[in-house]
Number of protein chains: 2
Amino acid sequence: MATPRKELSTNSENRQTLAAACDVNDVLADISLRWKMQILYCINEGVAQFTTLKKAFPTLSDQILGKRLKELRAESLITASDIPETTPPQIRYATTEKGRELLAIILDLHHWGLKWKTVGNNYCTVNR
Amino acid sequence: MATPRKELSTNSENRQTLAAACDVNDVLADISLRWKMQILYCINEGVAQFTTLKKAFPTLSDQILGKRLKELRAESLITASDIPETTPPQIRYATTEKGRELLAIILDLHHWGLKWKTVGNNYCTVNR
DNA sequence: TTCTTTACTCACTTTGGGATGAGTTATTGT
DNA sequence: ACAATAACTCATCCCAAAGTGAGTAAAGAA
């Protein structure tokens, strides 16, 4: 009689709980998706097409690359535009102001990581 | 004869590939673990014991809290010290300089999120 | 001696991110 | 008609993060 048998996964519930507590949890979840910031960085550096990005990361699959580009566009971190007069229609990506500001913060994070890295070892000693 | 049958999971291989490409990927993976930055923030604000943290996040389990505290200590983001003269021996946590500098960057990220958030909707329109 | 509280740890199950293989649309070259 | 290339999408499987239940050590209180 007592146990009402919980229906919903507390996994996704907790994600919502955290997002409700503070927006930054959503931001963290978004930017930590694998390859995402790396792709954004490359686009900002001029490696701006599907195929050139693929060459930049040989172990990154088409599927994830396409997914990440779609996400980045949906979040307005990059824009996509057709390159005219190309044999198979091609697309060039470019970072937005929003994307460039994010990259600046990621760079701060990078510097923080370097600053506090213990020599000869990772700053994170937790087993993975 | 051709296919040499790959042995290792490309999943963890790719994590290493990314970490080798740039340290910041490791940092991103670390700080985006659920509850981690939230716990660090609370400790910095003075909510500094196991039980008080548990009360602060009712849906956070003991197990994950213990795990996160262990990680935070291993990464030198917090320190742990005994409170003397307490009935069951108690522990108080405190942020380190490294932890406080990280929180400052997380705060930047928070501001970035607020700045670019589209009104009435999430800045992230990708389905989860 | 048993109860309570703090601060954990272990074993098991679930969930969703990420990898893989195959298929799709569009356009030009042969 | 068929091949080639760019830029994707879909279905399926795997694995590690995260959740759940239970148990532990230490120290005093009843």
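- In this structure, Leu65(A) reaches neither bases nor backbone, as no heavy-atom distance under 4.0 Å exists between it and the strands shown.
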Could you go through Ile105(B) and Ile105(A), starting from their C-alpha distance and side-chain angles, then the distance that decides it, and tell me whether this counts as side chain to side chain contact (heavy atoms under 4.5 Å, CB included)?
CA-CA 7 Å; Ile105(B) 301 176; Ile105(A) 301 176; 4.0 Å; yes
Pairs under 3.5 angstrom only: tabulate donor-acceptor contacts from the side chains of residues 37-47 of chain A to other protein residues two or more places apart or in another chain.
from: Gln38(A); atom 1: OE1; to: Asn25(B); atom 2: ND2; distance (Å): 2.7
from: Asn44(A); atom 1: OD1; to: Thr95(A); atom 2: OG1; distance (Å): 2.7

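- Here dC14(D) presents its C1' atom at 8 Å from CG of Asn11(B), a figure rounded to the nearest Å.
- Each of dC15(D), dA6(D), dG16(C) was ranked by its minimum atom distance to the side chain of Gln90(A); first place goes to dA6(D).
- A salt bridge links Glu101(B) with Lys115(A): the closest approach of a Lys/Arg side-chain nitrogen to an acidic carboxylate oxygen falls below 4.0 angstrom.
- Atom CG in Leu60(A) sits about 10 Å away from atom P in dT20(C), given to the nearest Å.
- Rounding to whole angstrom units, CD1 of residue Ile64(B) and P of dT14(C) are separated by 16 Å.
- Proximity of Leu102(B) to Trp112(A): side-chain heavy atoms (C-beta onward) are separated by under 4.5 Å at one or more points.
- Following rounding to the nearest Å, Trp35(B) (CH2) and dA17(D) (P) show an atom-to-atom distance of 17 Å.
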Mind running side chain to side chain contact (heavy atoms under 4.5 Å, CB included) on Leu103(A) and Leu77(A) for me, showing each step along the way?
CA-CA 10 Å; Leu103(A) 276 175; Leu77(A) 295 171; over 6 Å; no
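- Distance, Ile39(B) CD1 to dA18(D) P: 11 Å, rounded to whole Å.
- How far CG of Asp23(B) is from CG of Leu18(B): 11.5 Å, rounded to the nearest 0.5 Å.
- Partners of Ala80(A) by side chain to side chain contact (heavy atoms under 4.5 Å, CB included), not counting sequence neighbours, listed by chain and number: Arg73(A), Ile91(A), Tyr93(A).
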Interface polar pairs with nucleotides 8-10 of chain D, N/O, under 3.5 angstrom:
from: dC8(D); atom 1: OP2; to: Tyr93(A); atom 2: OH; distance (Å): 2.2
from: dC8(D); atom 1: N4; to: Asp62(A); atom 2: OD2; distance (Å): 3.4

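- Taking atom CG on Asp82(A) and atom C1' on dA26(C), their separation rounds to 12 Å, with Å as the unit.
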Evaluate Gln49(A) against Lys54(A) for side chain to side chain contact (heavy atoms under 4.5 Å, CB included), listing each step before the verdict.
CA-CA 8 Å; Gln49(A) 279 181 270; Lys54(A) 247 173 75 174; over 6 Å; no
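- Here dA17(D) is the nucleotide among dA17(D), dA7(D), dG18(C) with the atom lying nearest to any side-chain atom of Arg15(B).
- Contact annotation: Asn14(A) reaches the phosphate of dG19(D) (side-chain N/O to OP1 or OP2, under 4.0 Å).
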Reading DNA chain C 5' to 3', how would its secondary structure be written in dot-bracket notation, given Watson-Crick and G-U pairs with both distances under 3.5 Å, brackets [ ] for crossing pairs and | for partners on other strands?
||||||||||||||||||||||||||||||
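- In this structure, Ser61(B) reaches the bases: a heavy-atom distance under 4.0 Å links it to at least one base atom across the strands shown.
- Dashed line: the shortest gap from a side-chain N or O of Arg68(B) to OP1 or OP2 of dA18(D) is under 4.0 Å.
- Atom-to-atom, CG of Asp30(B) to P of dA18(D) comes out at 11 Å; the value is rounded to the nearest Å.
- Between Lys36(A) and Glu75(A) there is a salt bridge, since a side-chain N of the basic residue sits under 4.0 Å from a carboxylate O of the acidic one.
- If you take NZ of Lys54(B) and P of dT6(C), they are 8 Å apart, rounded to a whole angstrom.
- Of the side-chain N and O atoms in Arg34(A), one or more sit less than 4.0 angstrom from OP1 or OP2 of dA19(C).
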Using atom names, set out every protein N or O paired with an N or O of nucleotides 27-30 of chain D below 3.5 Å, distance rounded to 0.1 Å.
none

Residue pair Asn14(A), Trp35(B): steps toward the side chain to side chain contact (heavy atoms under 4.5 Å, CB included) verdict:
CA-CA 9 Å; Asn14(A) 271 345; Trp35(B) 308 100; 3.6 Å; yes
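- With a 4.5 Å cut-off on side-chain heavy atoms, Leu33(B) and Arg68(B) count as touching.
- For Phe50(B), the ring-ring contact (aromatic ring centres under 6.0 Å, His included) test picks out no residue, with sequence neighbours left out.
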